[in-house]
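What follows is a short report on a single structure.
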Amino acid sequence: MATVVVALGGSLLRPEVDERHNWLQSLVEVIVASVESGSKIALVVGGGAPAREGIELAKPFIQDVAHLDRIGIAATRLNATIVREALAEGGLAVSRKIPESIAGASLELENYDVVVMGGTEPGHTTDAVAIRLAIQSGAEKCVIATNVSRVYSQDPRTNPEAEAFDGLTLGELQEIVGPPEHAEAGTSQVVDPIGVGEAFDHGMPLDVLDGRDTRIIKKSLDGEDFEGTRVRV
Ligand code: UTP
């Protein structure tokens, strides 16, 4: 049975958009369809607005990045719980626990069709967790569902000349996101450089796509051509 891990950027559960209930509902439908066609799915959910809010509040008093990271991790687990409950309501056999480690998540994946988790420990983001889980569980690929349509050569918000890529090698993606080091808590690259480093070391394919449109997530899960960036060895 094919396993796919999906990193869901926390910004996808964004509070500023009215249709977010529809987004969550259609995500559930996409996961149900994928499980019905024989896949196992692990979802690793990012911290989004509650992470930003919590880190922002505590930042002036806290020097240690790892301590801020723990606030971010709590937010990822809150978001993971929301996604988990929505999937369970959709009738899926979802692990009851929100695993707190890669080993725990791999174990749950042996017994359930779907596992949902957030972060694990300080020092990286949920992209890196998703990529590690994909490697550990022998997944065929890791989907990075974010809020941009493709990987760009530079940040397209500050550089209108930035080039968008349909395909990259893992080495090329590492060049774009930079060396595998942890950024300041709450700041982010299109894909966590630490995760990209591990994907490179283990030859784990990545599909980077715009998760705001759940049809694109579905295409990637179905192994079809999708709008986004295919990152391969
Ligand atoms: P996210 O995975 O959401 O990071 O975790 P991000 O990439 O900054 O945010 P989005 O999803 O793209 O908007 C939020 C924060 O939680 C901490 C980090 O500080 C991260 O920035 N975190 C998360 C950890 O320290 N370890 C983890 O395993 C996960």
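When a ligand or atom number is given, it counts from 1 through the structure's own listing order. We count residues from 1, following the sequence as given.
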- prompt: What about H124: any of its N or O atoms under 3.5 Å from an N or O on ligand 1?
  reply: yes

Hydrophobic cluster of V233, others only, ordered by chain and residue number, side-chain cut-off 4.5 Å: I131, I135, I144, V148, V151, F165, L168, L170, L173, I176, V177, V190, V191, V196, F200, M204, L206, V208, V231

message: Show the atoms of ligand 1 that are less than 4.0 angstrom away from any heavy atom in G47.
response: 1 (P), 3 (O)

task: Start with the C-alpha gap between N147 and S11, add the side-chain angles, then the distance that decides, and say whether side chain to side chain donor-acceptor pair (under 3.5 Å) holds.
output: CA-CA 7 Å; N147 60 2; S11 65; 3.2 Å; yes

query: Are any of the N/O atoms in T126 less than 3.5 Å from those in ligand 1?
result: yes

message: Below the 3.5 angstrom mark, is there an N/O of D127, backbone or side chain, next to an N/O of ligand 1?
response: no

query: With a cut-off of 4.0 Å, which atoms of ligand 1 are near a heavy atom of G46?
result: 3 (O)

- prompt: If you measure from each heavy atom of T120 to ligand 1, is any distance below 4.0 Å?
  reply: yes

field: Atoms of ligand 1 close to G123 [distance to a heavy atom under 4.0 angstrom, numbered from 1]
entry: 25 (O)

task: Please report the C-alpha distance between D69 and H182 in whole Å, then the side-chain angles of each, then the deciding distance to 0.1 Å, and finally whether the side chain to side chain donor-acceptor pair (under 3.5 Å) criterion is met.
output: CA-CA 10 Å; D69 280 348; H182 186 40; 2.9 Å; yes

- line: Separation between OG1 (T214) and CD (Q25), nearest 0.5 Å, reads 10.0 Å

message: For D207, run the salt bridge (charged side-chain N to carboxylate O under 4.0 Å, His left out) check against K219, K218, R230, K141 and tell me which one passes.
response: K141

field: Per-atom contacts, ligand 1 versus P122 - under 4.0 Å to a heavy atom
entry: 25 (O)

- request: Ignoring angles and geometry beyond distance, decide whether T76 reaches within less than 3.5 Å of ligand 1 through its nitrogen or oxygen atoms.
  value: no

- line: ligand 1 to G119, heavy atom cutoff 4.0 Å, flagged ligand atoms 27 (C), 28 (O), 29 (C)

- prompt: Run the side chain to side chain contact (heavy atoms under 4.5 Å, CB included) check on R77 and E100 step by step: do they pass?
  reply: CA-CA 9 Å; R77 292 182 181 152; E100 299 192 352; 3.6 Å; yes

Close N or O approach (V129, ligand 1; < 3.5 Å): no

- prompt: Will you find, in the side chains of S95 and E108, an N or O donor that is under 3.5 Å from an N or O acceptor?
  reply: yes

Contact (N/O only, under 3.5 Å) between E121 and ligand 1: yes

query: Among all residues two or more places apart in sequence or in another chain, which pass the side-chain hydrogen bond (donor to acceptor under 3.5 Å, both in side chains) test with R84?
result: none

